[in-house]
Amino acid sequence: MSTQLPKQTEEASESETESDVPSRGDERRAERRRRAANRREQRQAEEAERAAADEDTIELRVFRYDPDVEEKQEPRFDTFHVPFEKGMTVLDALMYARDTYDSSLTFRHSCRQAVCGSDAMFVNGGQKLACKTQIGELDEPIRVEPLPHAEVRKDLVVDMEHFYDQMEAVEPYFQTNEYPDGELEEQRQSRENREKVKMSTRCIWCGACMSSCNVAAGDNEYLGPAAINKAYRFAMDEREGEDVKQKRLEIIEQEHGVWRCQTQFSCTEVCPKDIPLTEHIQELKREAVKNNLKFW
Amino acid sequence: MAQRYSSFQQGTRMWLLQRITAGFLLVVLAFHFFLLHFVHHADEVSFLMSSGRMETMSYYSLMVLFLLTATFHGVNGVYNALVNQGLSGTKRTAVKWTLVAASVVLIVQGIRTANAWAGIPLY
Amino acid sequence: MHEHDVVVVGAGGAGLRAAIAAQEAGADVAIVSKLHPVRSHTGAAEGGINAALRDADSWEDHAYDTMKGSDYLADAPAVEALCQESPEEVIQLEHWGMPFSREEDGRVSQRPFGGLSFPRTTYAGAETGHQMLHTMYEQVVKRGITVYDEWHVMDLVVTDEPDPADRTCHGVVAYDIQTGEVNGFRADGGVILATGGMGQVFDHTTNAVANTGDGVAMAYRAGVPMEDMEFIQFHPTTLPSTGVLISEGVRGEGGILYNGEGERFMFERGYANNDGELASRDVVSRAELTEVNEGRGIEDEYVHLDMRHLGEERILDRLENILHLAEDFEGADGLTEPMPVKPGQHYAMGGIETNEHGETVVDGLYAAGECACASVHGANRLGGNALPELIVFGKRAGYHAAGKEMSEAEIPTGKNGEWEPADYEFEISVGEVDSRGPAAADGGAVATDAEALLRTAVERARDRVETLLSRTGRNHAEIRSTVQETMTANVNVFREEDRLEETLSDLREAREAYQEVAVSDPSRTFNTDLIHTMETRNILDIAEALTMGALARREFRGAHWRKEHQERKDESWLKHTLVSWNGGEPELWYKPAILEGESKTYEPKVRSY
Amino acid sequence: MSQSYNRGLIEDFSRWREFEAGMWAWIFHKFTGWVLIGYLFTHIAVLSTAIPASGAETAVLQAGNDVYTQTIVSLEGLLLVRILEVGLLAVAVFHMLNGTRLLLVDLGIGLDSQDKSFYASLILTGAITVASVPTFIAGAF
Ligand SMILES: Cc1cc2nc3c(=O)[nH]c(=O)nc-3n(C[C@H](O)[C@H](O)[C@H](O)COP(=O)(O)OP(=O)(O)OC[C@H]3O[C@@H](n4cnc5c(N)ncnc54)[C@H](O)[C@@H]3O)c2cc1C
Ligand code: HEM
Ligand code: SF4
Ligand code: F3S
Ligand code: FES
């Protein structure tokens with residue numbers, strides 16, 4: 001049913017700009033606010049009832065939490081009934097729920113086409129991109145939670161800082177010591193080599209893989225599949241040259257690097273871009289071993 | 001490149017050893033099971049039979065190697081599992097040395113047992 | 001308060017390139033973006049980047065194609081800058097490691113694209129924009145450029161002189177989405193707007209939810225004119241439920257469009273007897289909508305794009321990604337059923353008026369990328385010309401803001417060159433409903449020194465946030481959807497006078513409703529309700545200016561089709577439409593398009609391919 | 001990544017239901033590994049009875065009356081021990097088979113069919129275990 005919170009009047013007027021003693025105007029406004037909130041609640045209740053009565057609705061159970069709002073400080077699940085349409089994705093359903101029932105329902109989203117990587121969530125127990133997950137393929141009720149193993153900021157929004165730090169820890173930028181001489185001259189790269197790095201360049205930084213990996217959950221410093229894949233993307237690019245590759249191998253060989261991976265494969269399973277993460281990690285392990293064996 | 005003295009970093013070495021021991025154990029453990037459960041049945045076991053096998057030098061060394069590799073593989077595996085779950089700092093050092101101590105005890109005890117069978121008076 | 005030499009607003013292709021350039025030129029630069037850089041919509045671009053890289057090709061040909069494609073409404077100095085510098089910029093991307101598709105000999109691949117006389121579209125598979133965005137973000141990481149991500153820029157801090165040409169921009173005010181903090185960013189070198197598209201003005205678009213045209217609206221309210229806003233490109237094959245783009249490749253390979261009665265309408269209904277499905281984007285879009293409007297659509301909404309006859313093998317070989325798109329976003333299996341498609345908003349040719357260095361009429365304020373109008377696309381953008389625009393003009397704006405020596409600009413901004421007032425009377429009043437409310441701010445403030453100016457601007461922004469959070473009223477979502485619906489119904493590919501007028505009055509109502517808007521989520525943490533409410537204001541301003549331009553331009557040029565005016569009128573309409581905010585009372589005016597290039601003049605010809 | 005509170009408490013999501021092959025393999029491999037190392041310690045402890053036994057008279061040994069033989073015989077006489085041994089076999093066989101799978105994965109072989117090889121390991125483990133029950137139970141009754 002509708003889970004819209006009645007507006008917290010105290011909360012809202014707590015800003016420094018407003019006076020402490022409520023004036024008559026304040027009271028009147030508060031009263032109006034209360035009435036408006038009631039009206040809204042009623043309308044939403046009706047809408048929800050209508051939706052629930054309708055055959056073709058889906059039940060969405062969404063995780064709610066907000067450290068800033070008293071009623072939401074205790075994490076809970078809210079239920080929304082959303083009319084189903086063919087082709088509907090989890091993101092569409094969430095947007096419908098937000099725009100119709102509860103505008104405080106919070107989640108990141110932008111592109112709606114699986115390229116921006118904002119909306120990785122935990123849907124029915126698996127890491128999924130909400131915009132790329134068809135409702136029709138899920139069992140009801142559909143449970144939507146924020147990504148596991150990440151700090152929840154609010155509702156479905158998690159803190160991505162740590163993930164970004166890991167991504168940026170592998171010197172994720174192209175490095176080479178020689179460029180072609182001629183003006184407007186590109187570096188040559190063979191088709192095979194481009195094919196080799198192709199999948200690894202598709203990562204959209206959604207963090208689903210990291211969230212699915214138990215090793216990353218246990219060891220906060222583990223670089224994680226996405227960052228290792230990023231390192232792979234450069235280490236395997238022939239344009240960078242041997243010496244740079246050497247440096248890259250040293251990065252991924254560190255204590256919390258590739259050796260942490262226990263081939264759980266869950267990263268590979270959840271990656272919305274179908275990047276063979278485990279394969280890339282394993283290849284880097286072998287590269288590292290080979291590289292080291294040379295000096296034995 | 002050339003100035004890297006230790007040619008193998010810790011992580012690489014342990015990882016590789018875990019795989020190598022796994023490969024070895026695969027063969028020996030299969031042999032072990034086969035010999036002691038299928039060829040000789042459990043209820044036929046006796047000191048003398050064990051003793052008889054152990055007196056052969058090749059069998060004796062195989063078993064000692066078996067013990068060493070299994071201990072390394074198992075203990076290193078446990079250690080890795082703990083480290084992967086975020087064990088760090090002093091706790092980690094403590095666990096590490098406890099595991100090393102346990103391994104030493106296990107290996108010493110194992111070799112003493114083998115010696116007892118083989119008739120080597122070192123036990 | 002944060003202080004940097006240059007502040008770049010937006011971290012898509014244009015913003016990132018601008019930041020890198022400014023840093024190269026020695027400035028202390030920061031990027032402020034409401035999304036983390038890699039989430040920007042540049043990542044959605046598939047096709048490629050036009051650049052004359054080969055000996056058999058030349059920048060002159062590229063410029064010619066672009067002018068022709070623009071239906072002679074682009075400014076030649078900007079077009080020539082684009083075509084001359086695109087090759088060098090593309091090679092720069094390659095040197096930064098961008099994984100382009102490759103030829104047998106290891107050079108970057110190029111492919112043919114609509115409207116181009118040479119296959120000069122450089123690409124990286126079907127994900128050129130993604131690769132470009134990530135490659136540039138990698139450079140930003142490498143250079144350690146400061147990025148304030150998830151900061152929503154609310155306003156520009158601009159002085160309050162009566163004439164926009166005398167105003168100076170000193171920075172921006174932004175809202176930290178994570179914490180709810182409002183803070184100022186001072187930038188004495190300059191502010192570069194790179195906030196991307198405005199697709200959310202329509203309810204069916206290939207653009208992201210974040211593409212709400214914030215930069216355009218902010219600059220508009222600060223006194224910078226919006227240029228050529230009526231020119232919106234619609235893509236004929238987008239998925240009905242999400243707006244995800246189905247590439248022209250399907251029709252290129254032989255995909256067929258059917259209406260609800262199973263007719264191959266492109267031929268059977270005589271829309272394009274020669275080219276059929278392969279006619280240009282605007283022709284196909286109009287045909288599809290005509291079918292739907294006349295009752296021959298499917299579910300009164302879309303038509304079918306069928307590729308089953310191509311056979312599984314060929315589809316899997318060449319159009320595999322299309323299968324995934326239809327499956328993931330529409331739940332349709334392209335192998336066994338036709339895919340539903342309809343036209344969707346795709347690209348805004350117009351935007352913030354700038355010259356070829358990205359400078360606006362306000363001193364210290366720059367714009368680059370889709371939010372800007374330099375103008376290189378005129379009345380119609382060629383596929384593959386937006387991405388080079390990002391890097392060429394992003395770089396130029398970055399250099400200029402950082403104080404690097406640049407040539408004298410040839411394109412005048414504001415009313416500094418030739419201009420004429422508009423000859424159109426609007427029946428509906430436009431602009432601010434009540435020009436005294438806090439939302440009415442002109443971008444100006446009554447102080448002159450930068451520090452004080454910023455402080456007042458921050459205060460005002462805080463007040464605005466507090467007001468929105470504390471009062472009760474309407475939810476922005478209803479208002480936003482009213483705007484989107486009326487725009488899609490009346491201002492999309494078909495435009496008729498009555499309905500445009502009707503739209504202006506709908507927008508008026510929406511504006512009035514917005515006066516009572518309130519945010520119901522009281523949270524200070526990640527309050528997307530608040531962000532969307534602020535965005536809705538921007539959508540309103542843009543929608544209005546767009547509709548005004550569409551009403552005023554009484555001709556059919558490029559993407560702008562008018563029922564009452566079915567031909568291109570070169571004698572009277574070789575001019576840009578501009579709308580100035582004027583303190584809440586929008587003013588429409590024109591300035592001539594510049595067709596004289598470096599060494600030749602681009603004479604308008606009939607645009608036929 | 002860390003977590004500020006235990007979200008699992010809010011609602012039991014029976015998350016494991018969604019685990020894919022690779023994850024199960026990882027869990028089983030861990031479990032079996034720990035069981036094996038645990039057994040190794042126990043095993044050596046039991047076998048150590050051979051040390052005092054070696055001091056016994058030849059006749060005692062021949063009669064099987066030494067500490068070692070007695071321990072083993074009494075242990076093996078317990079049905080529970082026999083059953084545990086079958087369990088041990090299952091654990092060991094799975095660990096070996098899945099270990100082989102992991103070694104192949106490390107070599108980059110058959111990553112695409114990693115799930116199939118896991119199921120194969122499970123089935124083979126089951127088959128081998130069942131097939132060896134007679135041998136293990138022999139003489140227990
Ligand atoms: C599906 C699709 C396919 C396309 N294909 C091609 C193609 O093949 N070839 C081609 O040349 N062009 C193509 N285009 C067009 C081209 O991709 C876009 O025009 C271009 O990417 C826009 O880039 P940008 O940097 O201007 O804006 P964006 O990449 O949209 O970036 C906007 C940035 O501004 C920030 N921002 C916005 N508002 C605010 C605010 N208020 N405060 C702070 N930050 C803000 C956002 O966070 C974001 O970082 C395509 C477009 C689409 C939608
Ligand atoms: C028979 C052949 C064996 C093979 C092929 C094998 C293979 C492996 C492999 C490849 C790993 C590493 C898993 C990883 O790090 O991803 C491993 C882990 C382990 N092995 Fe074995 N192993 C064998 C026998 C044994 C034996 C006899 C023992 C007990 C002494 C044992 C105990 C362990 C333990 C404790 C782990 C760590 C499990 C964990 O990660 O928690 N293994 N094994
Ligand atoms: S590797 Fe895949 S799952 Fe991981 S962040 Fe990148 S796209 Fe997401
Ligand atoms: S899930 Fe984790 S353990 Fe390795 S294979 Fe993937 S990184
Ligand atoms: S909304 Fe961009 S990836 Fe889902």
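Here is the naming used below: chain letters follow the sequence lines, and residue numbers restart at 1 for every chain.
- Not a single donor-acceptor pair under 3.5 Å links the side chain of Glu186(A) to the backbone N or O of Glu94(C).
- Contact tally against chain C (heavy-atom pairs below 4.5 Å) for Ser190(A), Ser118(A), Pro67(A): the top residue is Ser118(A).
- Arg108(A) has its side chain within reach of Glu150(C): a pair of non-hydrogen atoms, C-beta onward, lies under 4.5 Å apart.
- Interface residue Met95(A): only side-chain heavy atoms are found under 4.5 Å from chain C.
- With a 4.5 angstrom heavy-atom cutoff, Thr201(A) touches chain C via backbone and side-chain atoms both.
- Side-chain atoms of Lys273(A) come within 3.5 Å of backbone N or O of Ala114(A) as a donor-acceptor pair.
- For chain A, no part of Thr135(C) is nearby; none of its heavy atoms comes within less than 4.5 Å.
- Both the backbone and the side chain of Asp105(C) come within less than 4.5 Å of a heavy atom of chain A.
- Each of Ile135(A), Thr106(A), Leu91(A), Asn193(A) has some count of heavy-atom pairs under 4.5 Å with chain C, and the biggest count is that of Thr106(A).
- Interface residue Arg112(A): backbone and side-chain heavy atoms are both found under 4.5 Å from chain C.
- Contact annotation for Lys132(A): both backbone and side-chain heavy atoms come within less than 4.5 Å of a heavy atom of chain C.
- No donor-acceptor pair closer than 3.5 Å links the side chain of Gln92(C) to the backbone N or O of Glu88(C).
- Classified by interplanar angle (parallel below 30°, tilted 30° to 60°, perpendicular above 60°), the ring pair Phe234(A)/Phe174(A) is tilted.
- Highest contact tally toward chain A, considering only Val140(C), Val244(C), Thr525(C), is held by Thr525(C) [criterion: heavy-atom pairs under 4.5 Å].
- At a 4.5 Å heavy-atom cutoff, the contact between Glu127(C) and chain A is made by side-chain atoms alone.
- From Thr100(A), atom OG1 reaches atom CG of Leu105(A) across 10.5 Å, with rounding to the nearest 0.5 Å.
- The backbone N or O of Ser523(C) sits less than 3.5 Å from a side-chain atom of Asn527(C), completing a donor-acceptor pair.
- The candidate from Gly136(A), Cys203(A), Pro180(A) with the greatest count of non-hydrogen atom pairs under 4.5 Å with chain C is Cys203(A).
- Checked by atom type and distance alone, the side chain of Gln134(A) pairs as donor or acceptor with a backbone atom of Asp328(C) at under 3.5 Å.
- A salt bridge links Glu240(A) with Arg248(A); the closest basic N to acidic carboxylate O contact falls under 4.0 Å.
- Salt-bridge formation is detected for the pair Glu104(C)/Arg191(A): a Lys NZ or Arg NE/NH1/NH2 atom is positioned less than 4.0 Å from an Asp or Glu carboxylate oxygen.
- Under the 3.5 Å distance criterion, the side-chain polar atoms of Asp149(C) are left unmatched by any main-chain donor or acceptor of Ser33(C).
- In terms of non-hydrogen atom pairs under 4.5 Å with chain A, the most contact-rich of Gly331(C), Gly180(C), Gly106(C), Ala518(C) is Gly106(C).
- Looking at Met160(A), only its side chain comes within 4.5 Å of chain C, counting heavy atoms on both sides.
- Ranked by heavy-atom pairs under 4.5 Å with chain C, the first of Asp99(A), Thr89(A), Asp66(A) is Asp66(A).
- In this structure, chain A has no heavy atom under 4.5 Å from any part of Thr533(C).
- When Glu168(A), Glu85(A), Arg233(A), Arg202(A) are compared by the number of non-hydrogen pairs under 4.5 Å with chain C, Arg202(A) comes out ahead.
- Test His532(C), Arg480(C), Lys34(C) against Thr212(C) for side chain to side chain donor-acceptor pair (under 3.5 Å) and you get one pass: Lys34(C).
- Remark: the backbone N or O of Thr528(C) is not paired with any side-chain donor or acceptor of Asp521(C) at under 3.5 angstrom.
- Using a 4.5 Å cut-off between heavy atoms, Arg239(A) contacts chain C through its side chain alone, with no backbone atom that close.
- Taking the six-membered ring where the residue is Trp, the centroids of Tyr137(C) and His36(C) are separated by under 6.0 Å.
- Neither the backbone nor the side chain of Leu129(A) comes within less than 4.5 Å of any heavy atom of chain C.
- Heavy-atom distances place both the backbone and the side chain of His95(C) under 4.5 Å from chain A.
- When each of His109(A), Glu195(A), Gln175(A), Lys198(A) is scored by its heavy-atom pairs under 4.5 Å with chain C, the top score falls to His109(A).
- Contacts with chain A were tallied for His476(C), Arg462(C), Met98(C), His324(C); Met98(C) has the most, counting heavy-atom pairs under 4.5 Å.
- With a 4.5 Å cut-off on non-hydrogen atoms, Arg98(A) touches chain C through its side chain but not through its backbone.
- Using a 4.5 Å cut-off between heavy atoms, Ala477(C) touches chain A through its side chain atoms alone.
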